[in-house]
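As structure tokens, the structure follows; a few thoughts come after it.
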Amino acid sequence: MLIFKNIIPFSLEQTFDCGQCFRWDVQEDGSYIGFVGKHIAKINYINGDIVIDSNCEDELFWKSYLDIDRDYLQIINDLSADDIMKNAISYGEGIRLLKQDPWETVVSFIISQNNNIPRIKKIIGLLCENFGDKVTFNGETYYSFPTPEQIYNKDLSVIRAGFRDKYILSAASMVVEGIIDFNLVYNMDYDTALEYLKQIKGVGNKVADCVILFAFQKFESFPKDVWIKRTMSQLYNVAEEEIEIFAKQKFKGNCGFAQQYLFYSARQDI
DNA sequence: AGCCAGGACAAGT
DNA sequence: ACTTGTCATGGC
């Protein structure tokens, strides 16, 4: 059992259900169970303390994944200079940007294209059940996210991903064959990382931006999906082509955080 | 029933 | 370099 004490602001729901990840499921007691690589955990948040029951007791691993050491009060304070953003943040001030696994993030956001969040979760669940490892945790059975090797040259029709199958398989083969090495991306600047990731079939600007933000923590990324395009138009009266420049100018190094607050608040009325 | 979904790609201007 | 049709599937 790991405990991170007095982590504020923080919200399990806002962090795990804000659309950055798809493998955490809420339990009846309000805790969340999910996978990170081969590590499964049940995470609770009680009186400001994050409590982790996991098959991985590596404190640094979870601290890194949950972005524990970052000063979110400072980020929120900086972004709140803008009243519109301040209001958006009020819906999801407990969001943390998870440091996710690059491979899982690439595949997850390939699946996300032209798709809705409930079905994205369903497809990823099928992917794990059919190709991942079976893991027993607290007497229950779960399935880890498959490695590139585990889906290499496989028939993916069971996961019902439609036209995305070929993209996922292409990504797997590029990783297995060493054409793509995610470890190199950590040290790339944003532009280089963007072009590098877009070598993968099915990865365009938006998916690459999500991977750059959610796996590689390059916070100048500002993924532009249909929700962001809508809300930027409504809240800031900014046209689609101007979002990039506008965001960089207004949110500076905190673009990624700003994007998540906007995305989360925009989706609250559905 | 029909529109839409955390888009990308390729063919056509 | 920009615009448009197409791609599977199913949630709502």
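It should be emphasised that the depicted structure is a prediction, and the values quoted were computed from it without experimental measurement. So you know, we letter chains A, B, ... as the sequences are listed, proteins then strands, and number each from 1.
Aromatic rings from A/Phe246 and A/Tyr236 are positioned such that their centres are separated by under 6.0 Å. Taking the ring centroids of A/Tyr72 and A/Phe257, they lie under the 6.0 Å cut-off. Residues A/Tyr264 and A/Tyr91 place their aromatic rings such that the two centres sit no closer than 6.0 Å. You'll find the ring centres of A/Phe35 and A/Phe145 outside the 6.0 Å limit.
The separation between A/Ile200 atom CD1 and B/dG7 atom P is 18 Å, rounded to whole Å. Taking atom CG of residue A/Asp165 and atom P of nucleotide B/dA8, one finds them 17 Å apart after rounding to whole Å. Nucleotide B/dA8 holds its C1' atom 14 Å from the CD1 atom of A/Ile168, rounded to whole Å. Rounded to an integer number of Å, the gap from A/Ile243 CD1 to B/dG7 C1' is 14 Å. Taking atom NZ on A/Lys229 and atom C1' on B/dA5, their separation rounds to 12 Å, with Å as the unit. Rounded to whole Å, atom C1' of C/dA8 lies 9 Å from atom NZ of A/Lys166. For the pair A/Arg160 CZ and C/dT9 P, the computed distance is 5 Å after rounding to whole Å. In this structure, CD of A/Glu240 is placed 11 Å from P of B/dG7, rounded to the nearest angstrom.
Residue A/Glu241 is classed as having no contact, given no heavy-atom separation below 4.0 Å to the nucleic acid. Using a 4.0 Å heavy-atom criterion, one finds that A/Tyr264 contacts no nucleic acid atom at all. At the heavy-atom level, A/Gly19 lies under 4.0 Å from base atoms of the strands shown. Note on A/Asn205: only backbone sugar-phosphate atoms sit closer than 4.0 angstrom, heavy atoms only; bases stay farther off. Among the heavy atoms of the strands lying under 4.0 Å from A/Tyr167 are primed sugar atoms or P, OP1, OP2 only; no base atom is included. Within 4.0 Å (heavy atoms only), A/Cys21 reaches no atom of the nucleic acid at all.
Between A/Asp82 and A/Lys250 there is a salt bridge, since at least one side-chain N of the basic residue sits less than 4.0 Å from a carboxylate O of the acidic one. At a threshold of 4.0 Å, the pair A/Asp67-A/Arg96 does not count as salt-bridged, since none of the basic side-chain nitrogens sits closer than that to a carboxylate oxygen.
Relative ring orientation between A/Phe16 and A/Trp24 is described as parallel, the plane-to-plane angle staying below 30° on a 0-90° scale split at 30° and 60°.
Dense packing is recorded around NZ of A/Lys121, with more than 12 heavy atoms of other residues, nucleotides or ligands lying under 6.0 Å away.
In this structure, A/Arg164 does not reach the C/dC7 phosphate: none of its side-chain N or O atoms is under 4.0 Å from OP1 or OP2.
Among the nucleotides B/dA8, C/dT9, C/dA8, the one closest to the side chain of A/Val207 is B/dA8.
Comparing A/Lys201 and A/Phe22 against DNA chain B, the residue whose closest nucleotide sits nearer the 5' end is A/Phe22.
Within residues 108-126 of chain A, the residues that have a heavy atom under 4.0 Å from DNA chain C are, in order of number, A/Asn114, A/Asn116, A/Pro118, A/Arg119, A/Lys122.
As rounded to the nearest Å, C/dA8 and B/dA1 have P atoms that lie 23 Å from one another. Between B/dC9 and C/dG10, the two C1' atoms lie 22 Å apart (nearest whole Å).
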